[in-house]
Amino acid sequence: LATLPSFPAEIRAPAGTLPGVSSFQVQIADFDILTAGDEPDCLVAMNPAALKSNLADLRENGTIIVNEEAFEERNLAKAGYTSNPLTDGSLAGYKVIEVPMERLTKEAVAESGVSGRDVLRSKNFFALGLLAWLFNRPQETTLEWIAAKFKNKPEVGKANELAFKAGYTFGFATEATRTTYLVKPARLTPGTYTQITGNTALAWGLIAAARAAKLPLFYGTYPITPASDVLHELSKHKNFGVRTFQAEDEIAGIGAAIGAAFGGALAVTGSSGPGIALKSEAISLALMTELPLLVLNVQRGGPSTGLPTKPEQSDLLFSLFGRHGESPLPVLAAASPSDAYETAIEAARIALRYMTPVILLSDNLIANGSEPWRLPSVEDLPDISVPFATKPNGPDGSYLPYERDIETFSRPWAVPGTAGLEHRIGGLEKAAVTGNVSYDPENHQLMTDTRAWKIKGIADDITPVEVNGDEDAEVLVVGWGSTLGVIRAAARRVRLAGHKVATAHLRHLNPFPANLEEVLRRYPRVLVPELNSGQLRFLLRANFLLPVEGINRVSGEPFKVAEIEQRILEMI
Amino acid sequence: LATLPSFPAEIRAPAGTLPGVSSFQVQIADFDILTAGDEPDCLVAMNPAALKSNLADLRENGTIIVNEEAFEERNLAKAGYTSNPLTDGSLAGYKVIEVPMERLTKEAVAESGVSGRDVLRSKNFFALGLLAWLFNRPQETTLEWIAAKFKNKPEVGKANELAFKAGYTFGFATEATRTTYLVKPARLTPGTYTQITGNTALAWGLIAAARAAKLPLFYGTYPITPASDVLHELSKHKNFGVRTFQAEDEIAGIGAAIGAAFGGALAVTGSSGPGIALKSEAISLALMTELPLLVLNVQRGGPSTGLPTKPEQSDLLFSLFGRHGESPLPVLAAASPSDAYETAIEAARIALRYMTPVILLSDNLIANGSEPWRLPSVEDLPDISVPFATKPNGPDGSYLPYERDIETFSRPWAVPGTAGLEHRIGGLEKAAVTGNVSYDPENHQLMTDTRAWKIKGIADDITPVEVNGDEDAEVLVVGWGSTLGVIRAAARRVRLAGHKVATAHLRHLNPFPANLEEVLRRYPRVLVPELNSGQLRFLLRANFLLPVEGINRVSGEPFKVAEIEQRILEMI
Amino acid sequence: MTAPTYTRKDFQTDQEVRWCPGCGDYTILASVQNYMATMGVQKEKIVFISGIGCSSRFPYYMNTYGMHSIHGRAPAIASGLAASRPDLSVWVITGDGDALSIGGNHLIHSLRRNLNIKILLFNNQIYGLTKGQYSPTSEVGKRTKSTPAGSLDYPFNPISLALGAEAGFVARTLDMDRNHTIEMLEAAQAHKGAAFIEIYQNCNVFNDKAFIQLTGKEERVSNRIDMAAGKPIVFGENDSKAVVFRDGSCVVVDRSTVSDSEILVHDPARQDPTISFALSRLSHGPYGPTPLGVFRNVERPVYETEMSAQLVEAQAKRGPGDLAALLASQGTWEVT
Amino acid sequence: MTAPTYTRKDFQTDQEVRWCPGCGDYTILASVQNYMATMGVQKEKIVFISGIGCSSRFPYYMNTYGMHSIHGRAPAIASGLAASRPDLSVWVITGDGDALSIGGNHLIHSLRRNLNIKILLFNNQIYGLTKGQYSPTSEVGKRTKSTPAGSLDYPFNPISLALGAEAGFVARTLDMDRNHTIEMLEAAQAHKGAAFIEIYQNCNVFNDKAFIQLTGKEERVSNRIDMAAGKPIVFGENDSKAVVFRDGSCVVVDRSTVSDSEILVHDPARQDPTISFALSRLSHGPYGPTPLGVFRNVERPVYETEMSAQLVEAQAKRGPGDLAALLASQGTWEVT
Ligand SMILES: Cc1ncc(C[n+]2csc(CCOP(=O)(O)OP(=O)(O)O)c2C)c(N)n1
Ligand SMILES: Cc1ncc(C[n+]2csc(CCOP(=O)(O)OP(=O)(O)O)c2C)c(N)n1
Ligand code: SF4
Ligand code: SF4
Ligand SMILES: [Mg+2]
Ligand SMILES: [Mg+2]
């Protein structure tokens, strides 16, 4: 069972597929990138007919590269389409990369001297170049093959080389990404399924959370790879009352969200590493003013601009400690594309119930990865609504914005428009209860402690961590985020090989579930696989003084099942 | 031995000091805030004569509040000043707060109805109000005293009340701070001494570091309490070739510093919590481009705007983990005002030798605190210079910007203007050696590891941690930053009481000195006092799996010697 | 609901007002409170958002909803609030450092985006709160703590900047002149969309008398240019001076040297902001003849109105959001 | 040192140029490389600093010193470099998102501060790198991935914004027109101080033909207004159109309807930027008659020159820094 699609040697596909332009079009249409399941991962559709006849072969939520220019009326009609599949939403389940391929190929090969038909033929190589980028293949082999193959027609060879490079370059220039096929669970429980990517699930989860909270949804953001698709998805659903605000930068994005939160919306901001860094100061304001706010971080390779199109889990410690001062806040992570939906609702529940900013981590694997998702029942949507304050809660009809709920330590949420509850909040330390500015030492200690207690207390309000597998195993594998599938698969393999192993996956990274320490102590050895240098491991060590071990990878690539399996076997 | 000045009940001073305006002026001139040493901590000088006759009584580097309007030619001459002490630099050793006191008092009492002499008399209360702000005293007692005292002259009472409040308000409005007297070492070794505050020492340390590095100094920043004084101090020393750049915000401040670093300057940026948060993304750029850069963080109370004028040590974990991606960098902390000088030089040494951004932590106690400082010999200034690359280091006369030094893992520094070494750097992941953009998985792993090793390796290039006190003590007290004086004093007291205790103070917080673990393991119990919720403790636990204990305070106030002493005694 | 009747007191809070005695901020506070009492908006519908600075403490003293946020970000926060709550009256309080230094980008974007927010910039040409460094509106050569040898940066002209950023409403007033301040507030409130008012504000501690040419009893006579829509721009003792547009610039001339028809008649409603821009160039800071009043007042679609309309339209077209349908929208299959 | 002689090749690097085929960035790269070969500055003295975006990949392809920095911050980084190294020739490459969205504040401040940096803004009216969201220069109503129902924000006019921000040199050119581009580069380089050039650049993937009115064979004839210093502004087929300043605006008229003396004679050296501003209002984006060329070219003191002078003066007055004296400057005492 392989977790990553394998890319066939580039030279194969074109080699066997050159009898003629039109048939090559059909051929390259199902030029396939093999997955474990033998379904192509990626389809190159040079025209509507090719799309129509080959779409069924593509794996659910695969990547489709379309030559967008060919999708005009005449071709569509010829293929029997009554509306354009590129715009009518029927490809919504797939990652579609639209490329004006003829135009770009023409531009690219201009200097080769070829003309006419040959130019258009080269667009196959353009497609191949784009595939090479998407599947991270070296260009050299294909270039050598082209040189050899066309040594008697040097202009054609040159044109193909240029087209191939242009395709690669196009992918690079536009930071093109494909969907990643993630390991399926062994069995699918009965039900109605859809195929979904993480960014879509996240967007839908936010829409569902807003409904569950009976609040309008506001999304303030600035585009960044790989988080932009959340904005794109949300902006389609204005009929749900969703307001999307593309701000001038990330600070304004979160600023706007804070404004909306003050106004009583379910306010969300989202970005990736560099953009989250910019939001740090404002997150701290939301924390001090105790306003509910979701901060989505779709992690990518760092540091700095890093590897924008590659997955990594290296923002965990940054999520916990990436703010000045003592500034604790809840951190959650989605474990798979479909889990992003549930995690969004859970994050919103916590943000609203505890009046706090919450960081929700996803990553490039989840964001662009896809999996079958058993549709949740909309009727079972939990009620996560928190009533606004409507009446004075202090002496003489006064309103005390920092008078806390005795159970949650949460403060009330009074929104503008509510007569009699006019009040001011801000970033300076607040006096307990009144919320006035206070420089008093004891108050600062109290408020620091209260903010910490409030977050710590959430531990008792979340699902305890569950262990999968053997109670009496030697090794417990603890993961978080996108490693869920690969850890489960590795554990299955270990068990198939006759060994015992247990796994646990954390959705809540701060605070940890109340039973975590007890669970960890049950197993002689604990292994933490992470796509970083050992950040959860660091947290577990500091919190529980346990010598947990790690397997780590910071290469911009996901784990292979085999490497985790191997490591578990070594530990047994 | 008390560490904090005690402020006498406000009512006392005015009570005994009202025989007449002119004598009151003299009286309030030495209105004293008692320190342990019985020297006033603060002097209110209503005119030049008062300053002249009372300055000698003020403790070294105390705070002087001057009624600036009275410092005009006639008064100066009358007092025997030939030049204005406010501008001629002769008060450089003190913290001077200049206030147009007569004007402000007049404005403040306007609505009371008093006039003439009474107005001016009220300015004593203005001064008292400012003192109440500076020394964090409640206003109520004074206000009650005023009400009682002047109940027969209600307008005068009202005027005094208004003036008192105005003085307090002035302090609040302008975020006025005073110097804090720090615990002196028990004995001063022979030598030439000066009295210095931390911000001044930091500025001078940077000037010295630039000299030691044979580089021009560039400081890019944006004002913020309590870091602004570093800018103010540096901007005075243009004759040292220092360039200060007051940017439009903190991001531009560090951006400009990165530009200057690329150009071959000793580049420094500085701020406090909220501003450092804004610099996070750019620090990561310096880390990826491996440019030398000092980032000063003069910590204040957080989170958010927090308590701008109060000290706190709550940015330690933020310094280590406050960036997205795997982004390790060295973190140092000054332990006292004078230590800021040495720490600046050490931080610069590391930044240059390892081509890395370095975070240097100070805090409000150090910044505005003062202590006697035995002047270092300028001749002994270490040579921390690192030669620029001047010649190609690759095949065919090429320049390889990421070809590393085998000992330090540092890359060469080629600055614009050097013919033949033209090269491009940036925030995308770089290929080892060539520095070209690379998406290669193995390269990303290698570079991630290399960046980590480079920083880890510094552990062997720094002074091992030294233990003070009893080898066979039960308790080792480990501190960092501004708690040095109070920890040492507490340990002295414990020893005076006949017990054993050892102390160690860390200048290097990342990486830790190589011998730290061994030192910690030598003692049965380890106590870490911190003005935060336990951040160094957290690091020690995670790194060494040791159950170190903490004593913590997040109240915007320093520790009292007694509370640390008490805690040590409990542990023995 | 009938228009509420308020007095200034209704807008005062229980917090002690804490600016230096004599600070211009007091006067502005009084003007705003007085104006709000007559504005005709329920006070629970009013929100003041500020950044950081002396000026930004303003919301604590207004008995409305308010947020003292972080340095420079008030326009962004206000934008999110206005976009999501078009029913509110949203006011931004900011300083020359807050709005023009760290917050410059949010300022210019909120102006071009044209949300219905009213931005009051207290320009004292100094960083007050941080104890007196020069600001982006300080004159060249200013000696401050951070520039003992004099500052080098050429200052912004806030009016020119706002006009260059497509602001629809741009005005300037003076702390000391309460009536004029209130007039400008009224005009800003009447304008549908983003409104920007630069308020010259004296910081009597760190930059005292910066505006003396406009506030001094004698100086102001010859320097204060009051612009009024539809009126020829004349000023000075006995209106002896006039502004004409000549050779590509607004210039001040002796009124006696020009015919009445040559005098520029003020028209803030011109679609093209060129003449407003030209008027802003009459002075670069409060030095010499300096215009006060509304420079530009031109409406265009308001962001949140349009945004709400898109939501309404989407619902009209597609019906209110159906979550179950959304989840199934990419196609489903059954596993049994 | 004699002026170096270079060819375009000297400025090419070994890195494959990676923009989409047909992207306007290629043409601009060629123009800049060609210009640099003749600029007369040693290439090791030249530095290109960029932010993030397709355009910002530019430095990788210039065989000079360079930094591909972070989004929006290039002007700040360039400012620090220029301030500390006045001997260098510093160029900023940025996009409409990089410079006007996230980097707007640094842009306007670097212009007012007037460091000697040359800012080339590749305006394709779209976010290219992130695959096609609308930008601060996109036209209202633009449908993009993030605005399927059409964008609502009123766009900036980059020329107006730069002028409002006190820019001394402001120009506009077109990717396709290499000669004009080089002419603008020459003028920017000749200008002492900050120079801002807006370059209309076609993104043929996400915003193809945005500039068709200025590049199309037919369209350009009637829409391209070439401004040249000292020349009356005429354009169109047989120069049949003219620009006049009338009633507070620049307007396009049939040349036959005005006398020659009424036609606006272009003068980018006017101290007052009003007429330059008026010219920038002729079009709001590349729609209809749109001026290309230098809008403003007025010098004032350069920041780093002044900064260096302050250092020299301080040394002249106080001697070069004496560290020992500094340490003792607050008074000392002996402990024995
Ligand atoms: C992120 C951040 N940077 C810097 C500061 C410090 N700071 C507070 S207010 C201010 C400038 C205030 O100037 P202005 O906006 O003109 O307000 P004024 O005090 O003059 O009214 C600065 C630099 C801060 N609080 N936060
Ligand atoms: C801090 C940060 N925010 C967002 C991004 C994502 N991003 C990269 S380029 C870009 C916009 C590019 O637009 P533009 O400047 O117009 O350049 P173009 O690609 O069109 O040349 C964005 C939003 C980023 N890299 N870093
Ligand atoms: S420092 Fe200046 S602006 Fe601030 S409160 Fe005092 S007088 Fe007003
Ligand atoms: S996306 Fe557009 S701007 Fe970017 S390289 Fe391609 S054509 Fe050029
Ligand atoms: Mg100010
Ligand atoms: Mg662009």
Check: Are the side chain of Lys131(C) and the backbone N or O of Thr174(B) linked by a donor-acceptor pair below 3.5 Å?
Finding: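 Yes, Lys131(C) side chain to Thr174(B) backbone: donor-acceptor pair under 3.5 Å.
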Next item on the list: Output the distance between atom OG (Ser146(C)) and atom CD (Glu233(B)), rounded to the nearest 0.5 Å.
Entry: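 One gets 13.5 Å once the value is rounded to the nearest 0.5 Å.
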Check: Quick one: CZ on Phe245(B) to CG on Asp153(C), what's the gap to the nearest 0.5 Å?
Finding: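 Going from CZ on Phe245(B) over to CG on Asp153(C), the span is 7.0 Å.
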Notebook entry, point to check: Do you know which of Lys238(B), Lys236(B), Arg103(B) has the most heavy-atom pairs under 4.5 Å to chain C?
Noted result: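 Of the candidates given, the most pairs with chain C belong to Arg103(B).
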Item checked: For chain C, the option from Val99(B), Asp249(B), Thr244(B), Thr169(B) that forms the most heavy-atom pairs under 4.5 Å ->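 Highest number of heavy-atom pairs under 4.5 Å: Thr169(B).
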Pick one of side chain, backbone, both or neither for [X], based on which atoms fall under 4.5 Å of a heavy atom in chain C.
X: Lys106(B); result: neither
X: Ala252(B); result: neither
X: Leu104(B); result: both
X: Ala163(B); result: neither

By a 4.5 Å heavy-atom criterion (distance strictly below it), what part of [X] contacts chain B: side chain, backbone, both, or neither?
X: Tyr134(C); result: both
X: Ile52(C); result: side chain
X: Cys54(C); result: side chain
X: Ser69(C); result: backbone

Flag side-chain contact, heavy atom, 4.5 Å: [X] against [Y]:
X: Glu16(C); Y: Tyr168(B); value: no
X: Tyr26(C); Y: Glu107(B); value: no
X: Thr305(B); Y: His71(C); value: no

Next item on the list: Start with the C-alpha gap between Glu248(B) and Ile102(C), add the side-chain angles, then the distance that decides, and say whether side-chain contact (heavy atoms from CB on, under 4.5 Å) holds.
Entry: CA-CA 5 Å; Glu248(B) 58 272 24; Ile102(C) 192 167; over 6 Å; no
Check: Is the NZ or CZ atom of Arg18(C) positioned over Phe170(B)'s six-membered ring, under 6.0 angstrom from the centre and within 45° of the axis?
Finding: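 That pair does not qualify as a cation-pi contact.
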Check: With respect to chain B, which residue among Val205(C), Ile70(C), Asn204(C) yields the maximal number of heavy-atom pairs within a distance under 4.5 Å?
Finding: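 Of Val205(C), Ile70(C), Asn204(C), Asn204(C) has the most heavy-atom pairs under 4.5 Å with chain B.
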Notebook entry, point to check: Hey, which residues of residues 221-230 of chain B are touching chain C, say heavy atoms under 4.5 Å apart?
Noted result: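 So the qualifying residues are Tyr222(B), Pro223(B), Ile224(B), Thr225(B), Ser228(B).
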Notebook entry, point to check: What's the shortest heavy-atom distance between Tyr127(C) and Gln246(B), and which atoms?
Noted result: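 Nearest heavy atoms, Tyr127(C) then Gln246(B): CE1-NE2, 3.5 Å.
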